[in-house]
Amino acid sequence: MPGSERPAPALGRWPALDGIRGIAIVLVVLVHSGNSLWPAASSWLAKNGPLGVHLFFVLSGFLITTLLLTEHRRTGGIRLGDFAARRARRLLPAVLALLGVMGVVAALGDRLRVATVASSAIYVLTFTSNWAMRGHSLPFVNDLTGGGGMVTEVIHTWSLAIEAQFYAVWAVALWAATRAGWSLRRIAVATTAVVVVIAVARAVAYARGTPWLTLYITTWSRLDAPLVGSVVAIAFVAGWLGRLDRRWLVAVGSLGLAAFVAVAFVTN
């Protein structure tokens, strides 16, 4: 890849990223707790906690892009089959365990129905549960009411579905860009342009009456978040971040994180 002479940096394990993940988890747990356990506190208990999901998307974009670009610098190419196998080994065991436990619960009790768990498993295992929620397939119906549809305990895999869809599309896009000889700068510019287009298109769609929930769980309208992480990853791999003053980066990052958490509590 032109302009790729600098050795690829080692990502390793960053405790700071674990801390950011922890913040994202806490925000999501708090907003669901306010909605389900303590309704009286829902007006202030991280009412914009879904931003935690947004943060997860950004982190995923950063990590996946760093891994792919590092592989390209190390080996001269991106092996899509190996990448897919690594993602499957990481995601599928937990998903299969979830479905297995739910299948046992359905078989031994009356809380869930085996048929509904089985039909939901199709969308969970193919990472398309967000499409099911949108009504492309199964209706969004609470199984506890006796209706058909998707088991409510697995609809939360919608965010995992969007991440998996992003992995597939982005890995192919990076593979194609690197094979075409694109520089990191050109990839960064193109990615930033896509982020802007998605953000504008989402705003226009909302202004024209598209329901917020539709935009919240639709693949295209959420891909700007992982792509923002991808732009940061490109800057990391290219060494651009290393040229900036570390104290400045820490100060800006700390201020941004504090503002992010504040927004999660004061807006809806």
Side-chain angles (χ1 to χ4, degrees), residues 1-14 16-17 20-21 24 53-88 90-91 127 159-204 218-246 248-249 252-253 256-257 260:
M1 182 191 306
S4 301
E5 293 80 8
R6 183 187 296 271
L11 182 59
R13 183 70 178 269
W14 287 5
L17 295 185
I20 294 176
R21 289 191 192 93
V53 178
H54 209 64
L55 188 53
F56 273 119
F57 286 162
V58 175
L59 286 172
S60 292
F62 174 77
L63 294 170
I64 292 302
T65 303
T66 299
L67 291 173
L68 289 171
L69 291 180
T70 299
E71 177 187 357
H72 181 269
R73 286 197 164 186
R74 187 180 65 251
T75 66
I78 295 176
R79 296 181 176 86
L80 294 178
D82 291 347
F83 172 75
R86 292 194 301 269
R87 291 298 94 198
R90 186 172 183 85
L91 299 177
F127 300 102
S159 57
L160 180 62
I162 290 179
E163 287 202 13
Q165 293 159 22
F166 165 75
Y167 296 159
V169 173
W170 187 236
V172 173
L174 279 183
W175 173 82
T178 54
R179 280 183 62 88
W182 282 26
S183 67
L184 291 180
R185 187 177 304 278
R186 186 177 182 184
I187 295 175
V189 171
T191 305
T192 302
V194 173
V195 169
V196 173
V197 169
I198 292 174
V200 171
R202 182 176 56 234
V204 171
T218 299
T219 303
W220 73 263
S221 64
R222 298 305 299 269
L223 289 187
D224 57 333
L227 289 177
V228 166
S230 298
V231 172
V232 178
I234 294 168
F236 171 69
V237 173
W240 302 334
L241 295 180
R243 303 171 188 169
L244 301 176
D245 184 270
R246 182 177 178 83
W248 181 84
L249 285 175
V252 172
L257 188 58
F260 184 88

### Query
Does the pair R222/E163 count as a salt bridge with the N-to-O cut at 4.0 Å?
no
### Query
Does CZ belonging to R79 count more than 12 external heavy atoms closer than 6.0 Å?
no
### Query
When rounded to the nearest 0.5 angstrom, what is the spacing between CZ in R21 and OG in S60?
8.0 Å
### Task
Might you point out which heavy atoms bring R73 and A238 nearest each other, and give the distance in Å?
NH2-CA, 4.0 Å
### Task
Find the distance between OG (S230) and CD1 (I64) and round it off to the nearest 0.5 Å.
9.0 Å
### Message
For F62 together with W170, are the ring centres under 6.0 Å from each other?
### Response
no
### Query
Hey, what do you get for CH2 (W175) to CD1 (I78), rounding to the nearest 0.5 Å?
9.5 Å
### Message
Nearest 0.5 Å, please: how far is OG1 in T178 from CD in E71?
### Response
9.5 Å
### Message
Would you say that F57 contacts V228 through its side chain, given a criterion of any heavy-atom pair below 4.5 Å between the two side chains?
### Response
no
### Query
Do the side chain of T70 and the main chain of L67 share a donor and acceptor less than 3.5 angstrom apart?
no
### Task
I would like to know whether L91 and F127 meet side-chain contact (heavy atoms from CB on, under 4.5 Å); could you show each step before the answer?
CA-CA 10 Å; L91 299 177; F127 300 102; 4.2 Å; yes
### Message
Looking at every non-hydrogen atom in both residues, tell me the closest pair between A171 and L68 and how far apart they are.
### Response
CA-CD1, 3.9 Å
### Query
For T219, does its backbone N or O pair with a side-chain atom of Q165 as donor and acceptor, under 3.5 Å?
no
### Message
For V232 versus L241, what's the shortest heavy-atom pair and its separation?
### Response
O-CD1, 4.1 Å
## Note on the structure
Smallest heavy-atom separation, V231 atom then A188 atom, equals CG2-O, 4.4 Å
### Main-chain N/O of H72 paired to T75 side chain as donor or acceptor, under 3.5 Å
no
### Task
Report, as yes or no, whether the 6.0 Å neighbourhood of atom CZ on R179 holds more than 12 heavy atoms from other residues, nucleotides or ligands.
no
### Query
V195 and L223: side-chain contact (heavy atoms from CB on, under 4.5 Å), yes or no, with the steps?
CA-CA 8 Å; V195 169; L223 289 187; over 6 Å; no
### Message
Can you pull out every side chain to side chain donor-acceptor pair (under 3.5 Å) where at least one residue sits in residues 186-204? Sequence neighbours excluded, please.
### Response
R202-D224
### Distance in Å, F56 CZ paired with L160 CG, rounded so as to fall on 0.5 Å steps
11.5 Å
### Task
With the side chain counted from C-beta on, respond yes when Y167 and F83 share a heavy-atom pair under 4.5 Å apart, and no when they do not.
yes
### Nearest non-hydrogen partners of T66 and A233, listed with the distance
OG1-CB, 3.3 Å
### Query
For the residue pair I198 and W220, what are the closest heavy atoms and their distance?
CG2-O, 3.3 Å
#### Entry: Set of residues satisfying side chain to side chain donor-acceptor pair (under 3.5 Å) with respect to R185, sequence neighbours excluded
none
